Amino acid sequence: MYLDQMIAHLVEQGVDTQELKPCTEQEVQELEQQLERRLPAAYREFLLTMGHGAGEIFQADDCFYGDLPKIQRLANVLLAQNNVATPLPNDAFVFFYAGYQFLFFRTGEGDDPPTYYYMEGDDVTNGFPRTFEHYSEFLASSIEEYL
C-alpha cells in the first residue's frame with residue numbers, strides 16, 4: 001500500500017527484490033509488545049518488506065530490525081552528550097541513525113506520520129524540526145537518492 005510504488009520503481013531500476021529481507025509478522029508484533037504501542041502502518045510495511053535488509057540500500061546506516069533497540073538508546077545518549085534539554089516525545093520512535101544524527105516519528109501521529117530530525121549541535125529548544133510530512137515520503141526520497 002505505502003511501498004507498492006517504491007518497490008515497482010526499484011524493480012524498474014534493476015534492483016533485485018531478492019535482496020529485500022523482510023521481518024516476520026511475529027517479529028513486528030514482538031517489537032510492538034516491547035514498545036507497548038502499535039507502530040504506524042507505513043513503518044510496519046517497511047519492516048515486513050525490508051526490515052532485515054535491503055541490499056545496498058541503507059547499508060551504511062542503522063535502520064533495520066536488529067539496529068532498533070540500539071538506536072533508541074543512541075538517540076538519547078546523543079541528546080544527553082549535547083546537553084539538549086528538550087527530550088524526545090514519549091511516543092517517539094527512532095527509525096534511522098547515522099553518525100551524529102537521527103530521525104524519528106511519533107507513533108501517535110497516524111498511519112504514515114511526519115518525520116523529525118536531530119543533528120548534533122542543533123538547537124531544538126522550540127521542538128525538533130519536521131523533515132517530511134509522511135514517513136513514506138522519507139523512504140521514497142532516501143531510495144531515490146540511492147538510485
Side-chain angles (χ1 to χ4, degrees), residues 1-76 78-79 84 86-120 122-147:
M1 180 173 142
Y2 294 99
L3 303 183
D4 292 343
Q5 288 182 328
M6 282 176 255
I7 300 302
H9 186 58
L10 288 172
V11 170
E12 287 171 10
Q13 298 300 313
V15 173
D16 182 1
T17 57
Q18 296 296 317
E19 293 181 1
L20 305 180
K21 306 294 182 202
C23 289
T24 65
E25 178 65 34
Q26 181 178 349
E27 287 173 318
V28 174
Q29 288 176 3
E30 287 171 1
L31 178 59
E32 290 174 328
Q33 288 173 353
Q34 290 170 358
L35 296 170
E36 297 180 348
R37 62 184 158 229
R38 186 151 174 89
L39 291 166
Y43 186 70
R44 288 182 107 260
E45 192 171 334
F46 165 79
L47 291 173
L48 293 168
T49 303
M50 60 184 92
H52 280 292
E56 293 183 21
I57 302 170
F58 302 123
Q59 189 174 26
D61 304 309
D62 291 326
C63 64
F64 294 111
Y65 184 81
D67 303 319
L68 296 175
K70 172 181 71 175
I71 67 176
Q72 305 308 305
R73 289 188 306 275
L74 287 174
N76 285 307
L78 183 59
L79 293 174
V84 175
T86 305
L88 285 172
N90 289 337
D91 64 345
F93 181 81
V94 178
F95 65 87
F96 186 90
Y97 189 94
Y100 299 99
Q101 59 189 335
F102 63 85
L103 288 116
F104 69 93
F105 54 72
R106 299 183 67 180
T107 58
E109 291 189 323
D111 283 336
D112 195 8
T115 65
Y116 301 89
Y117 176 75
Y118 176 77
M119 180 171 207
E120 184 175 41
D122 283 355
D123 179 5
V124 292
T125 306
N126 295 320
F128 294 90
R130 188 180 283 201
T131 54
F132 291 93
E133 289 302 311
H134 300 283
Y135 170 77
S136 61
E137 291 172 10
F138 157 79
L139 196 55
S141 175
S142 297
I143 289 172
E144 198 58 41
E145 283 181 26
Y146 162 76
L147 296 174

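Predicted, not measured: the structure shown is a model, and the values here were computed from it.
Judged by distance alone, with hydrogens and angles left aside, the side-chain atoms of Asp112 form a donor-acceptor pair with the main-chain N or O of Ser136 at under 3.5 Å. In this structure, the side chain of His52 does not engage the main chain of Lys21 through any donor-acceptor pair within 3.5 Å. Panel note: side chain Glu32, backbone Arg38; no donor-acceptor pair is recorded below 3.5 Å. Judged purely by atom type and a 3.5 angstrom limit, Asp123 uses its side chain to pair as donor or acceptor with the backbone of Thr125. Of the possible polar contacts, none joining the Tyr135 side chain to the Glu137 backbone as a donor-acceptor pair under 3.5 Å is found. With hydrogens and angles disregarded, no donor-acceptor distance shorter than 3.5 Å links the side chain of Thr131 to the backbone of Tyr117. A side-chain donor-acceptor contact under 3.5 Å links Asp67 to the backbone of Phe64.
Residues Gly110 and Pro40 share a closest heavy-atom pair of O-CB, 3.4 Å. Phe96 and Ile71 make their closest contact through N-CD1, 3.8 Å (heavy atoms, listed as atom of the first residue, atom of the second, distance). Heavy atoms only, all atoms of each residue included: Cys63 and Leu68 are closest at O-CD2, 4.2 Å. Of all heavy-atom pairs between Phe104 and Val94, the closest is CB-CA, 3.8 Å. Pro69 and Tyr65 get closest at one heavy-atom pair: CD-O, 3.8 Å.
Judged as a ring-ring contact (aromatic ring centres under 6.0 Å, His included), and not counting sequence neighbours, the contacts of Tyr118 are Phe102.
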Check against salt bridge (charged side-chain N to carboxylate O under 4.0 Å, His left out), Arg37 and Asp91
CA-CA 9 Å; Arg37 62 184 158 229; Asp91 64 345; over 6 Å; no

Please test Phe138 against Phe105 for ring-ring contact (aromatic ring centres under 6.0 Å, His included), starting from the C-alpha separation and ending with a verdict.
CA-CA 11 Å; Phe138 157 79; Phe105 54 72; 9.7 Å; no

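Side chains of Glu30 and Gln26: a donor on one and an acceptor on the other come within 3.5 Å.
One finds the CG atom of Leu20 at 12.5 Å from the CG atom of Leu48 (value rounded to the nearest 0.5 Å).
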